[in-house]
Amino acid sequence: MRPGAANIVQFENVGLRYGAGAETLSDLSFGLASGSFYFLTGPSGAGKSSLLRLIYLAQRPSRGLIRMFGEDVVTLPRDRMPAFRRRIGTVFQDFRLIPHLTAYENIALPLRVNGVAEADIDVPVREMLDWVGLSGRANARPHTLSGGEQQRVAIARAVIGRPEILVADEPTGNVDPEMAERLLYLFVALNKLGTTIFVATHDLHLVPRVPHAQTIRIDNGRVIAPAVGSYDDRRPAR
Amino acid sequence: MFGRGSGSWLTSTAGRRLLPEGWLSGPMPWVIAIMMFLMVLAAAAGLALGYAARGLDAHLSGQITIQIVDANKARRDQAAAMIAARLATMAGVRSIRRINDREMTELLQPWLGAGLADNDLPVPAMIDVDFDPAVAGAMKAAEGAVRRISPLARIDAHAQWLAPLAGLIGSLRWLAGVLVVLMAAAAAFTVVLAARAALNTHQATIEVMHHLGATDAQIARLFQRRIAIDALFGGLVGLLLASIVIFAVGDRITEVGSDLLGSVDLPAFGWAVLAMLPLGGTMLAMLAARLTILTALRRRL
């Protein structure tokens, strides 16, 4: 089998440069096995967010190959991007909830974008609100929610479309330790359902909380501790 | 034309709230109202002039007036009678009317005074001839026949002296058409600017929508809807104001009592065209917004 063929995400010699500056990411080669849980760690400025932007298709690399879901996304035509993005759930550090919509409407948005009939939206959205413990805040606007509540709405929005991979950028960065623990629990629960989880964090205390998780550490834009079972095609320990 | 599919939610409450600015929140509806006001006036002028030109053409272009200038009244009357009799037998001649002495007196009274009937001033005999425009060459044949009967007869084709007026009307119609096109272009550019501003304002929402897998067409529809509402409102306001002006001007024209000015009228068809302008403007605005937004989004990943 070709190296990395079983991976949901495969990076090969990927580099990213903004404008004419130095490379922010250099020679990244790793894979993410489907259904696994990964932490992406590294100091501030190491390139974690840039790496995530490549995975959630907000950016194309300057060089190298990125395969997702078995297809080359570097040369993916722009009109096919939406279909790929619907297979990726993204949780942003700053939540990026739409302020004019209620929690319910924010969570329902991916389904509506995906053309799900209005009659088929209410049940999954209510389930998701229940799952993240916000059933009572369905009609609340983001600005009336606490940081932890906003993050849970963001997570619910990211996963309601049943993405194959969930990418989270510092999801616990703006919440207290207890809420961080609860959010991590949500990610683990989702991972048990088969979703690949990729969490960028500088909080190393989170890593041991998920014993089966793999860790990719980057520094200065380079991977210094690739995940087990990635580029060399070893399966991750679960 | 503007795309379909997975877009019904855009009309839902949540869809409408994605771009939360209220209706008529910016200057665009009012700018479009002004543009539409001017556009409707220009279009009304063009349509009315076109209607007047067609009326003049239909009434006068198939008419001639024959003047028999002969100091001898008997010869003059005889020639007039012969010409009238000859023309009556010709194909394409719809009507022949000899202007009688009383009418001639009335016509000349302003210049020659009331005593015309009492003196021997030789007044030409005049015959108005109306031709059927469907019969080609009838007027030319009639002119030949008149010349054979009375070589001194003068033949005035009404279309000849109306030509400068028809030319002026034609030029004004073109000018009105150009003004309509320029106003439409200006309105479209206004929409382009408004759409670009809206894109910048709602940058964060668009980014989130893209991350959630929204297509450019879905995002464009959000803006189209908003701009369509603003453009329709502006268009209707412009139409209403322009209609008031058109009615007022129409009343003034009627008060003047001139036959020529009176022919400048707006038929029902013209009003129907004017009523369609706001709808056309709305469609144009939606198209301009869609193209602007799709072009801008294509520059992004």
Side-chain angles (χ1 to χ4, degrees), chain A residues 52-61 73-74 76-92 94-121 125 139 141-142 154 157-161 163 167 169, chain B residues 2-26 197-227 229-230 290-301:
Chain A
L52 292 189
R53 284 175 62 80
L54 291 175
I55 293 179
Y56 61 73
L57 302 178
Q59 188 86 37
R60 290 192 202 263
V73 294
V74 177
L76 191 70
R78 202 179 162 281
D79 59 355
R80 289 189 64 204
M81 284 284 185
F84 270 69
R85 287 183 176 129
R86 290 173 193 181
R87 300 168 75 178
I88 304 165
T90 309
V91 180
F92 302 97
D94 54 358
F95 320 131
R96 298 197 195 175
L97 300 177
I98 295 184
H100 331 292
L101 303 185
T102 64
Y104 180 101
E105 289 162 347
N106 266 288
I107 294 170
L109 201 51
L111 299 180
R112 288 175 165 144
V113 164
N114 210 6
V116 174
E118 285 297 312
D120 299 329
I121 282 178
V125 173
N139 295 319
R141 299 286 174 87
R157 185 183 66 182
V159 304
I160 194 167
V167 179
D169 189 4
Chain B
F2 299 119
R4 293 190 62 78
S6 70
S8 60
W9 64 278
L10 294 173
T11 57
S12 69
T13 307
R16 287 197 295 273
R17 277 214 297 272
L18 274 168
L19 305 181
E21 282 176 13
W23 291 1
L24 320 174
S25 55
L199 269 176
N200 289 332
T201 303
H202 300 290
Q203 178 70 30
T205 299
I206 293 167
E207 207 168 299
V208 170
M209 295 287 287
H210 263 155
H211 285 313
L212 296 178
T215 62
D216 291 350
Q218 285 177 315
I219 293 170
R221 273 200 294 275
L222 287 172
F223 290 91
Q224 274 173 229
R225 186 183 169 282
R226 163 68 52 81
I227 284 169
I229 291 168
D230 284 358
R290 181 178 177 82
L291 292 177
T292 303
I293 288 160
L294 289 179
T295 303
L297 292 178
R298 264 197 288 273
R299 295 196 195 103
R300 307 174 188 188
L301 184 59

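Everything numeric here is computed off the predicted structure, so don't read it as measured data.
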Under a 4.5 Å heavy-atom cut-off, does chain B meet the side chain of A:R96, its backbone, both or neither? both

What part of A:R60 lies closer than 4.5 angstrom to a heavy atom of chain B: side chain, backbone, both or neither?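 Its backbone and side chain both get close to chain B.
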
What pair of heavy atoms forms the shortest contact from [X] to [Y], and how long is it?
X: B:T215; Y: A:R86; result: CG2-NH2, 3.9 Å
X: A:P82; Y: B:G213; result: CB-O, 3.2 Å
X: A:V113; Y: B:L212; result: CG1-O, 3.9 Å

With a 4.5 angstrom heavy-atom cut-off, is it the side chain or the backbone of B:A214 that approaches chain A, or both, or neither?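 For B:A214, heavy atoms of backbone and side chain both lie under 4.5 Å from chain A.
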
Under the criterion side-chain contact (heavy atoms from CB on, under 4.5 Å), I'd like the reasoning laid out for A:L57 against B:H210: C-alpha separation, chi angles, the key distance, then a yes or no. CA-CA 10 Å; A:L57 302 178; B:H210 263 155; over 6 Å; no

Sequence neighbours excluded, which residues qualify as ring-ring contact (aromatic ring centres under 6.0 Å, His included) partners of A:F92?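 Counting only residues at least two positions away or on another chain, A:F92 forms a ring-ring contact (aromatic ring centres under 6.0 Å, His included) with A:Y56, B:H211.
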
Counting only pairs under 3.5 Å, give me each side-chain donor-acceptor contact of residues 293-300 of chain B, with atom names and distances, residues two or more places apart or in other chains.
residue, atom, partner, partner atom, Å
B:T295, OG1, B:L291, O, 2.6
B:R300, NH1, B:Q203, OE1, 3.4
B:R300, NH2, B:Q203, OE1, 3.1

